[in-house]
Amino acid sequence: MPELPEVETIRRDLAKLIVGRKVLGIETNSPKQVQPSLEMVKKAITGTTIKKVQRRAKIIQIFFSNGKIIIVHLKLTGRLLVRKKEDKIDDWQHIMLSLSGDKELRFADSRKFGWFRLLKDEKELQKILKEFGPEPLDGLTLPVFQKILSSTSRPVKIVLMDQQRISGVGNIYANEALFLAKIDPRRPAKKMTKQAGEKLYQALEKVLRAGIKYRGASDQYYLDALGHKGFYQEHFLVYGRQGKRCLACSGTIKRISLGGRGTFYCPQCQK
DNA sequence: CCGACGCCCTGGGAGC
DNA sequence: TGCTCCCAGGGCGTCG
């Protein structure tokens, strides 16, 4: 599932691959995923040039030469692939942007939870983005992090994944960071000591940077913009490892459900 | 403010 | 081999 490191990897790929290209057309076979409508998007961006690609939280923003912006959320199974026009159809491709230079930007999404959304201008974008908490690798300081933790008694894993409090962290990196910091995912955030908060802050930064370094984690669906898998799954310490040996203490990794999400931890190490 | 739950959706695994 | 059933889960909405 694309989280901050996966979305950032795709953003960097797209910055290299599609900036400067002209939009020749757009098609879809899944109209509900194109907002407000295919016709509106087609009218707004056909003939424009892609100026830049940015990311905030798990949202990719594509800026066009006429000031219009498209934001993309990949949710669980979304992919943004840059292909040659003649390349074979991708699995689950639903939105196809025809680009100059014989290229195509394809949005593929098995689950169909993801979306493309046209925005009028920068102002509309800022209105959406201001609802998100700080970026863990850019703006989230230790004091701010400690304040976020102390502000709620919800389980600390839920807090890490709460996009309004901290942006970009999803299930994989939350699990991995809590393991590194040796903190039980169920622990009420405000009951954490300063020391535990600092360890978690450092662990979170560490796993997110590693995720970017390894070009993301590919469980079943994630691919970068060229269709390649990432490598971070080869470095998972707890995620998806239920029943296996803990890599730190030789206990057994357990899987529980927390906030309706699969949660993996070592009951011996994480207190 | 909070937690619980349903919904969107479909591939893939389990069970028979 | 093939059928049916059910679950995963990010974000959002609703309800109590």
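Because the structure is a prediction, the values reported are computed rather than measured. Throughout, protein chains are lettered first and strands after them, A, B, ... in sequence-line order, and every chain is numbered starting at 1.
For an aromatic pair to be called close, the ring centres must be under 6.0 Å apart, and A/Tyr222 with A/Tyr232 fails this. Checked against a 6.0 Å centroid threshold, the rings of A/Phe107 and A/Trp115 do not count as neighbours.
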(request) Evaluate the side-chain contact (heavy atoms from CB on, under 4.5 Å) criterion for residues A/Asp109 and A/Ile95: first the C-alpha distance (whole Å), next the side-chain angles of each, then the deciding distance (0.1 Å), finally the verdict. (result) CA-CA 9 Å; A/Asp109 186 10; A/Ile95 304 169; over 6 Å; no
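With sequence neighbours left out, the side chain to side chain donor-acceptor pair (under 3.5 Å) criterion links A/His94 to A/Asn29.
Side-chain proximity of A/Tyr221 to B/dG11, B/dC9, C/dG10: nearest is B/dG11. Distance from the side chain of A/Lys32 is smallest to B/dC8 among B/dG12, B/dC8, B/dC2.
Looking only at side-chain heavy atoms (C-beta outward), A/Lys254 and A/Gln242 stay at 4.5 Å or farther from each other. Taking 4.5 Å as the limit, some side-chain heavy atom of A/Lys157 sits within range of a side-chain heavy atom of A/Asn175.
The one candidate from A/Arg79, A/Lys84, A/Arg106 that meets the salt bridge (charged side-chain N to carboxylate O under 4.0 Å, His left out) condition with A/Asp90 is A/Arg106. With A/Phe64 as reference, A/Ile50 is the one residue of A/Ile50, A/Thr49, A/Thr46 to meet the side chain to side chain contact (heavy atoms under 4.5 Å, CB included) rule.
In this model, no donor atom of one side chain and acceptor atom of the other lie less than 3.5 Å apart for A/Gln233 and A/Asp219.
Using a 4.0 Å cut-off, some side-chain N or O of A/Trp92 falls inside it from OP1 or OP2 of B/dG11. Between A/His73 and C/dG10, a side-chain N or O to OP1/OP2 separation shorter than 4.0 Å is absent. Within the 4.0 Å cut-off from OP1 or OP2 of B/dG11, not a single side-chain nitrogen or oxygen of A/Gln220 is found. Phosphate contact (OP1/OP2 of B/dT10, side-chain N/O of A/Lys112, threshold under 4.0 Å): present.
Protein atom CG of A/Leu74 is 14 Å distant from nucleotide atom C1' of C/dG11, rounded to whole Å. The nearest whole Å value for the distance from the CG atom in A/Asp109 to the P atom in C/dG10 is 13 Å.
For the pair A/Lys194 and A/Glu198, the salt-bridge criterion is not met [side-chain N within less than 4.0 Å of a carboxylate O]. Taking 4.0 Å as the cut-off between side-chain N and carboxylate O, A/Arg215 and A/Asp13 count as a salt-bridged pair.
Scanning residues 122-140 of chain A for heavy-atom distances under 4.0 Å to DNA chain B yields an empty list. For the contact set between residues 147-163 of chain A and DNA chain B, defined by any heavy atom under 4.0 Å, the members are A/Thr152, A/Arg154. Within residues 207-218 of chain A, no residue places a heavy atom under 4.0 Å from DNA chain B.
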Return the polar atom pairs (N/O with N/O) between nucleotides 7-9 of chain C and the protein under 3.5 Å, or none.
{"from": "C/dA8", "atom 1": "N3", "to": "A/Arg111", "atom 2": "NH2", "distance (Å)": "2.1"}
{"from": "C/dG9", "atom 1": "OP2", "to": "A/Arg255", "atom 2": "NH2", "distance (Å)": "3.4"}
{"from": "C/dG9", "atom 1": "OP2", "to": "A/Gly262", "atom 2": "N", "distance (Å)": "2.9"}
{"from": "C/dG9", "atom 1": "N2", "to": "A/Arg111", "atom 2": "NE", "distance (Å)": "2.5"}
{"from": "C/dG9", "atom 1": "N2", "to": "A/Arg111", "atom 2": "NH2", "distance (Å)": "3.0"}

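Residue A/Tyr265 shares its hydrophobic cluster (ILVMFWY side chains chained together at separations under 4.5 Å) with A/Ile256.
For the pair A/Asp184 (side chain) and A/Lys271 (backbone), a donor-acceptor distance under 3.5 Å is absent.
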